[in-house]
Amino acid sequence: MAVLQYKCPNCTGGIEFDQSLQKMLCPFCQTEFEATALEQFNALEEAPRDTQWMQSGGEEWLDSDLQGFTCPSCAGELLGDTKTAATRCPYCGNPTVLPARLSGVFKPDCIIPFKLDKAAAQAAFAQKLKGKRLLPKQFADQSVLDEIVGSYVPFWLFDCQAQARGTWRATSVKTWSDRQFRYTKTDHFQLRRAGEATFTQIPVDACSKMDSNYMDAIEPFDHSGIQPFQMTFLSGYLADMYDVTAEQCRPRIEKRCSESMEQAITQAQGGRGNYNKVTRENSQAWLTQARANYALMPVWNLNAKFEGQNYRFAMNGQTGKFVGQLPVCKKRAAAWWLGLFGGISAAIVLIFLLLFGGLDLLWTLVGLGIGVFTASAVVSAFKKQMNTALPQKAACNYMGNFRITKNQDTFLFSNTQRVRINQQSTMVAAGAAGSMARRAGSSSSFKPSGGSSFKGGGSFKGGGKR
């Protein structure tokens, strides 16, 4: 198998891509080169290599997922799986590229080069540990970052056209009154909406070795940094070719686009401000066109070991977005919950005591309930901070040119309710009087002063003014 290493034209040392310079830099003589010029130089200097390396017991070796090839610098034997396209020699440290694995249908259309180095990934890991209240105290001191690998991960970038439609029920309420009655009229409508939108360069990872949740979570990439693919960008990093086709990624794309379209058409329904309440009945979305480009994206993969377990992290090699899952200390979580529950419950009960001058069972239970709810909500929020490697459900960041294509409101029916005003006043008075009787602890039934009474029709007659 042909193996390619980029050599420095000045000192013939192994050369690799430098993130800060966005150029090729020789680590030995510190000479800088433009990627295009260096690729042309190597194209002239490198001769074709037809040598195929075979392993004894060829049948068993060919069936294996690993393949062997030779480092051009030190002749050391390297191993990689059938999808490895770039690696680093473990003997001499020189970066090595396998051009044959990035040719034909496996040649990327474009690439986003690394902008952040290994030190930035280490700093991002240290920053992620700060402020995590449920993190075991020993994790920061005892965890070991035993692996930090920069790799170009294969992605499909999808350009899509999508449509959506749906129906909603809406109500418009009007109220008025006369001397005797208060009227409430409710008009019912059906809203029909349809829309279309364009999605541009939605990334979906195309490597089965990568956790899709992690690759989703490091989005978005800055697509203004996309460049035409050049082999020189791979020097110094690992790289894989895709093993998940664009067609196999289609269900993920359809789901994300559908979710975004349903959100957009719900939020953009015209005339919503004229209604008091809008409730969705149904909605659906689908793709009409889709095209995929093959790209390589920069990702730093980190692995930390703690108490015999591995904890994985990933960082966007262009933007620096860092995601991963940290361990949760159950004892600290329980301590936080009990502390919050006790403090909040005691504060609420004290407030009720000062307001009402005493407590009964009902207000005590209310205070305890508020304590339970608040403590559970806060601890749950702390736990969410520990895991940021979450899948993407929508693709709103990649949507453009959304427009409504159908905006139809249909009147269905109306109904009017009439309530006697005096009856409402009587009901309010009765409720207030009953509340006063309960607070006074009276065991007898309440009778309005001045011999007043409730009579038919709900009118209230009393001796005193209210």
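Values below: all heavy atoms of this structure, side chains included; hydrogens, waters and symmetry mates excluded.
- N407 and R193 form a side-chain donor-acceptor contact under 3.5 Å, judged by distance and modelled atom types alone.
- R192 places none of its side-chain heavy atoms less than 4.5 Å from the side chain of T410.
- No side-chain donor-acceptor contact under 3.5 Å links T186 to the backbone of V173.
- Not a single donor-acceptor pair under 3.5 Å links the side chain of R165 to the backbone N or O of A194.
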For this session: Decide yes or no on side-chain contact (heavy atoms from CB on, under 4.5 Å) for S172 and F189, but give the supporting numbers first.
Result: CA-CA 8 Å; S172 178; F189 298 84; 4.1 Å; yes
For this session: Apply salt bridge (Lys or Arg N to Asp or Glu O under 4.0 Å) to E259 and K393, showing your working.
Result: CA-CA 7 Å; E259 180 68 25; K393 297 182 179 179; over 6 Å; no
For this session: Apply side-chain hydrogen bond (donor to acceptor under 3.5 Å, both in side chains) to the pair T167 and N282, showing each step before the final yes or no.
Result: CA-CA 6 Å; T167 59; N282 64 77; 3.0 Å; yes
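- A side chain to side chain contact (heavy atoms under 4.5 Å, CB included) with L157 is found for exactly one of T200, I226, V204, I202, namely I226.
- Atom OH of Y183 has more than 12 neighbouring heavy atoms from other residues, nucleotides or ligands inside a 6.0 Å radius.
- In this structure, the ring of Y152 has its center less than 6.0 angstrom from the ring center of F114.
- Annotation: cation-pi pair R418/F181 present, NZ/CZ under 6.0 Å from the ring centroid and within 45° of its normal.
- At least one donor-acceptor pair closer than 3.5 Å links the side chain of D243 to the backbone N or O of S208.
- When side chains are defined from C-beta on, W300 does not count as touching F322, because their heavy atoms never get closer than 4.5 Å.
- Judged purely by atom type and a 3.5 angstrom limit, Q309 has no side-chain atom pairing as donor or acceptor with the backbone of F306.
- Partners of R179 by side chain to side chain donor-acceptor pair (under 3.5 Å), not counting sequence neighbours: none found.
- Relative ring orientation between H188 and F413 is described as parallel, the plane-to-plane angle staying below 30° on a 0-90° scale split at 30° and 60°.
- Here the two rings, on Y242 and W156, have centers that are under 6.0 Å apart.
- Here the closest non-hydrogen pair linking A333 and K383 is CB-CE, 4.5 Å.
- Using a 4.5 Å heavy-atom cutoff, the side chains of P298 and L116 are not in contact.
- At least one side-chain heavy atom of F233 sits less than 4.5 Å from a side-chain heavy atom of Q227.
- In this structure, R291 fails the cation-pi test against F158, since its NZ or CZ atom is not both closer than 6.0 Å to the six-membered ring centre and inside 45 degrees of the ring normal.
- Side chains of E219 and Y398: a donor on one and an acceptor on the other come within 3.5 Å.
- Put simply, the side chain of K277 reaches to within 4.5 Å of the side chain of T279, judged on heavy atoms.
- Using modelled atom types, one finds a donor on one side chain and an acceptor on the other under 3.5 Å when comparing S376 with W337.
- Residue-environment remark: CZ (R252) exceeds the threshold of 12 foreign heavy atoms within 6.0 Å.
- Side-chain atoms of Q161 and T288 include no donor-acceptor pair closer than 3.5 Å.
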Exercise. Can you list the steps and then say if Y214 with N301 is a side-chain hydrogen bond (donor to acceptor under 3.5 Å, both in side chains)?
Worked result: CA-CA 10 Å; Y214 280 72; N301 292 287; over 6 Å; no
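- Residues forming a side-chain contact (heavy atoms from CB on, under 4.5 Å) with N310 (at least two apart in sequence, or on another chain): N303, K305.
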Show me the side-chain donor-acceptor pairs of residues 118-138 shorter than 3.5 Å, one per line, residues at least two apart or across chains.
| residue | atom | partner | partner atom | Å |
| --- | --- | --- | --- | --- |
| K128 | NZ | T388 | OG1 | 3.1 |
| K132 | NZ | K128 | O | 2.8 |
| K132 | NZ | K130 | O | 3.3 |

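- Only one option out of D205, I112, L296 pairs with F155 in a side chain to side chain contact (heavy atoms under 4.5 Å, CB included); it is D205.
- Here the side chain of K321 pairs a donor or acceptor atom with the backbone of A217 at under 3.5 angstrom.
- Taking a 6.0 Å sphere around CZ of R250, one finds it holds 12 or fewer heavy atoms contributed by other residues, nucleotides or ligands.
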